[in-house]
Amino acid sequence: MPSWDEVEVGQRIPTDRETLDQAHLIAYAAASGDLNPLHWDPDVAAEVSPTGGIIAHGMLNMGNVSRAVTRWAGGPERVLSLAATFKAPCPVGSTVTYGGEVVELDEHARTATLAVWAETEDGAKVVDRRSSRAVVQLG
Amino acid sequence: MGHSYPPYRYEVSREKVREYAAATGVDGPARTAERGEVIAPPTFAACFTVGRFDALFADPELGAHWNLVHGSQEYVFHRPVRVGDVLACTPRIVDLRARGRLDVLTLQIDCLDADDDTPVVTSRGTLIFFTGKE
């Protein structure tokens, strides 16, 4: 767990990278209960998807952002809040990079606020860092 | 506005936490050293919030449809979610606005510990509905 003395504004957490194939989306749908066919049925996706194809759950990308933040924070009990804006759709098969950067420190509460993001190789901001934040309790 | 849905209960089970952790690539639920409790990954909260959206909106008033997109999601964790927790969750609409052909709805779900009514998680999500209206 990062201690107050070690953390500075501008510091980045280790990034994660993952390719979200159809099997990931199906496993996530089953695990989370989000059974919207937009994430697994090409015929439904053709009708209602913003891209005309299957897209990943925003919450799967948020979950993967959360995983990177939780690892840096030193445990789920250190993550005080998470907020994600799902800006761009994330087509199935995308390779996504997950990251975070310390943007604010609160000395009184000993917390760090991170801007967090998820971005595809094409630069699509599937979790937009401008409006996505995590607040972490520091040691 | 201010429309509330019936509260529901959610019991956090070890196997569900394990399944969620595997689906999001987490090596295994965290265990706190002090008390041996198993703590869920933060976004496990999706299972008792976002995972309920479809059921909530299968509502004759709003129409049952899949043509909605999740615009944003926020969680405030008042304390970690633990295996064995029984949560009492109350959804309510806190904002609804039309933006051209879209309706943007903000749904808050207050999740309390059913044993003592203390807050555990506050969830706030925006849902974008394609209305087809001009």
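Predicted model, so just to flag it, every value in this text is computed and none were measured.
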(message) Taking every non-hydrogen pair under 4.5 Å, which of Pro80(B), Gly51(B), Ser72(B) racks up the most with chain A?
(response) Ser72(B)
(request) Look up atom CD in Glu19(B) and atom OG in Ser13(B), then write down how far apart they are to the nearest 0.5 Å. (result) 8.5 Å
(request) Give, as side chain, backbone, both or neither, the part of Thr85(A) having an atom under 4.5 angstrom from any heavy atom of chain B. (result) both
(message) Tell me if a side-chain donor or acceptor on Trp40(A) pairs with a main-chain N or O of Leu35(A) at a distance below 3.5 Å.
(response) yes
(request) Without swapping roles, check the side chain of Arg110(A) against the backbone of Trp4(A) for a donor-acceptor pair under 3.5 Å. (result) no
(message) Over 60° means perpendicular and under 30° means parallel, so tell me whether Phe48(B) and Tyr10(B) are parallel, tilted or perpendicular.
(response) tilted
(message) Rounded at 0.5 Å granularity, tell me how far NE2 in His70(B) sits from CG in Leu107(B).
(response) 9.0 Å
(request) With the side chain counted from C-beta on, respond yes when Arg52(B) and Ile109(B) share a heavy-atom pair under 4.5 Å apart, and no when they do not. (result) no
(message) If I compare all heavy atoms of Val7(A) with all of Gln11(A), which pair ends up nearest, and what's the gap?
(response) CA-OE1, 3.2 Å
(request) Measure the spacing between CG of Asp34(A) and NE2 of His39(A) and express it to the nearest 0.5 Å. (result) 4.5 Å
(message) I'd like to know which of Ala27(A), Gly63(A), Ala29(A), Ala84(A) tops the heavy-atom pair count under 4.5 Å against chain B.
(response) Ala84(A)
(message) So if I take each residue of residues 116-139 of chain A and look for any heavy atom under 4.5 Å from a heavy atom in chain B, which residues do I end up with?
(response) none
(message) Are Trp72(A) and Val65(A) connected into the same hydrophobic cluster when the rule is that any two of I, L, V, M, F, W, Y join if their side-chain heavy atoms are below 4.5 Å apart?
(response) yes
(message) What I'd like to find out is whether the side chain of Pro91(B) reaches to under 4.5 Å of the side chain of Phe53(B), using heavy atoms alone.
(response) no
(request) Sort out for me which of Pro50(A), Ser32(A), Gly58(A) touches chain B most, counting heavy-atom pairs under 4.5 Å. (result) Ser32(A)
(message) The test is side chain to side chain donor-acceptor pair (under 3.5 Å); show your working for Tyr75(B) and Thr49(B) and say whether it passes.
(response) CA-CA 10 Å; Tyr75(B) 291 116; Thr49(B) 58; 2.7 Å; yes
(message) Taking side chain as everything from C-beta outward and backbone as N, CA, C, O, which of these in Ala23(A) sits under 4.5 Å from a heavy atom of chain B? Side chain, backbone, both or neither.
(response) neither
(request) Just give me the residue among Ala46(B), Gly125(B), Gly71(B) that pairs up with chain A most often, heavy atom to heavy atom, under 4.5 Å. (result) Gly71(B)
(message) I'd like to know if the side chain of Asn36(A) and the backbone of Leu38(A) have a donor-acceptor N/O pair within less than 3.5 Å.
(response) yes
(request) Tabulate, in ascending numerical order, the residues of residues 88-102 of chain A having at least one heavy atom closer than 4.5 Å to a heavy atom of chain B, or enter 'none'. (result) none
